[in-house]
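Taking it in order: structure first as structure tokens, then the write-up.
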Number of protein chains: 2
Amino acid sequence: MLSLNASLPMILNRALDGVMPAYRQLFAQYDLTEQQWRILRALWEVEDLRAAELAEQTLLPKPSLVGILDRLEARGLVERRRSNKDRRAVSIASTAKGRTLAKEVLPQAQAIHDFIRAVLPEEDWDALEHALNTLADRMKATTFAEIAAE
Amino acid sequence: MLSLNASLPMILNRALDGVMPAYRQLFAQYDLTEQQWRILRALWEVEDLRAAELAEQTLLPKPSLVGILDRLEARGLVERRRSNKDRRAVSIASTAKGRTLAKEVLPQAQAIHDFIRAVLPEEDWDALEHALNTLADRMKATTFAEIAAE
DNA sequence: TATTGTTATACTCTATAACTATA
DNA sequence: TATAGTTATAGAGTATAACAATA
């Protein structure tokens, strides 16, 4: 029987547990949680995103998104605008204040990233990325019911 | 500049996001959260563990552990016993009821695991495990301050 | 009717620091 | 004094379902 620490979730969690503290120390300096960071990070790359797109890119459930956006908006880092084309939709964008923050934080995040990249040789990263992405894609199309039915 | 969805945390999170729903559907049938599962899973492999060991193996912070154990104990799935050798220490073990649960759930968790393993060839798994464990080890010994100082 | 985003509810987990009892 | 576990506090995120406005 498989042991706990050889299970894929635990391997992934251990890796995250190794990597995230460095990031969290950085985020903490700017009073950001990991989820808030993901949202800002996504918004800094584009003009704006609709709530549904943002939820998908950040892997955050839609009802969670609302609260996290509320907090970011209250701090003036993002802003919500009702779309004119479809009055149901909301477009979310970084504010100027948010972009100022980006200029300060992104280089430091990049430094962490570079440090991490240097731990493994380039070809290991390619293999890692490919394997994990394959897994995620394959599993996204699979439910527990299908597995149990085998 | 690096994009969000190419960052290691996001790659790992996406993989978890692909893999966990299948497990969560299973856990939900037994009213278990992911964290509760980790604890039970660890306790099913051994006679007992001390709180500190359990926290380490499950990657759960000690104060979180207390509440999660409270809930598991209230359901009669685990039990806490004060150690006689060191009256400060607490040894935590699965109850008979917990072991009955194990017999029911573990084979289904194993089925998910087998399914996941079949997605990638054996050698990819070896590479993946090795790469991620190397990363976790290397990063655990690193603080943000060190990275920033480079 | 279907979709977008939001609200409501209830709960689990987290972070940090301080505390109790042992050692 | 140091350690093991717990408590206290305050908050963030999650899950699920239901809802209002709009399409």
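A note on names: the letters A, B, ... follow the listed sequences, proteins ahead of strands, and every chain is numbered from 1. This structure is a prediction, so every number in the text was calculated from the model and none was measured.
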Atom [atom1] of [X] and atom [atom2] of [N]: how far apart are they, to the nearest Å?
| X | N | atom1 | atom2 | value |
| --- | --- | --- | --- | --- |
| B:Asp31 | D:dT16 | CG | C1' | 14 Å |
| B:Leu69 | D:dT7 | CG | P | 11 Å |
| B:Gln35 | C:dA15 | CD | C1' | 15 Å |
| B:Asp70 | D:dA8 | CG | C1' | 14 Å |
| A:Leu65 | C:dT6 | CG | C1' | 11 Å |
| A:Lys85 | C:dT3 | NZ | C1' | 18 Å |
| A:Leu72 | D:dG13 | CG | C1' | 13 Å |
| B:Arg82 | D:dT3 | CZ | C1' | 12 Å |

| Pair A:Arg81 + A:Glu79: basic N to acidic O under 4.0 Å |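 Counted as a salt bridge, because a side-chain N and a carboxylate O are separated by less than 4.0 Å.
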
Closest to side chain of [X], choosing from [options]:
| X | options | answer |
| --- | --- | --- |
| A:Thr33 | C:dT14, D:dT22, D:dA12 | D:dA12 |
| A:Val66 | C:dT6, C:dC13, D:dA4 | C:dT6 |
| B:Asp86 | C:dA23, D:dA23, C:dT7 | C:dA23 |

| task | Could you tell me whether the phosphate oxygens of D:dT6, OP1 or OP2, come under 4.0 Å of any side-chain nitrogen or oxygen in B:Arg88? | result |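 Answer no for this pair, as no side-chain N or O of B:Arg88 is under 4.0 Å from OP1 or OP2.
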
| said: Looking at A:Arg80, I'd like to know whether one of its side-chain N or O atoms comes within less than 4.0 Å of OP1 or OP2 on C:dT6. | reply: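 Yes, such a contact exists.
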
| task | State the CG-CD distance between B:Leu40 and B:Glu45, to the nearest 0.5 angstrom. | result |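 CD of B:Glu45 is found 11.5 Å from CG of B:Leu40.
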
Remember a base hit wins even if backbone is also touched, and classify [X] as base, sugar-phosphate or nothing at under 4.0 Å, heavy atoms.
| X | value |
| --- | --- |
| A:Ile68 | sugar-phosphate |
| B:Val90 | sugar-phosphate |
| B:Ser64 | base |

| query | Are there more than 12 heavy atoms of other residues, nucleotides or ligands under 6.0 Å from atom CZ of A:Arg75? | reply |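 For A:Arg75, atom CZ is crowded (more than 12 foreign heavy atoms under 6.0 Å).
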
| task | Please say whether the positively charged group of B:Arg117, taken as NZ for Lys or CZ for Arg, lies over the ring of B:Trp125, i.e. under 6.0 angstrom from the six-membered ring centre and within 45 degrees of the axis. | result |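 Yes, cation above the ring, under 6.0 Å and within 45°.
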
| message | Both A:Arg87 and B:Ala28 contact DNA chain D. Which one's nearest nucleotide lies toward the 5' end? | response |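 Result of the comparison: B:Ala28.
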
| Is there a donor-acceptor contact under 3.5 Å linking the side chains of B:Tyr30 and B:Gln108? |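 B:Gln108 and B:Tyr30 do have a side-chain donor-acceptor pair below 3.5 Å.
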
| request: Find which nucleotide of DNA chain C each of A:Pro63 and B:Asn84 is nearest to by heavy atoms, and output the residue with the more 5' nucleotide. | output: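 Taking each residue's closest nucleotide, the earlier one in sequence belongs to A:Pro63.
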
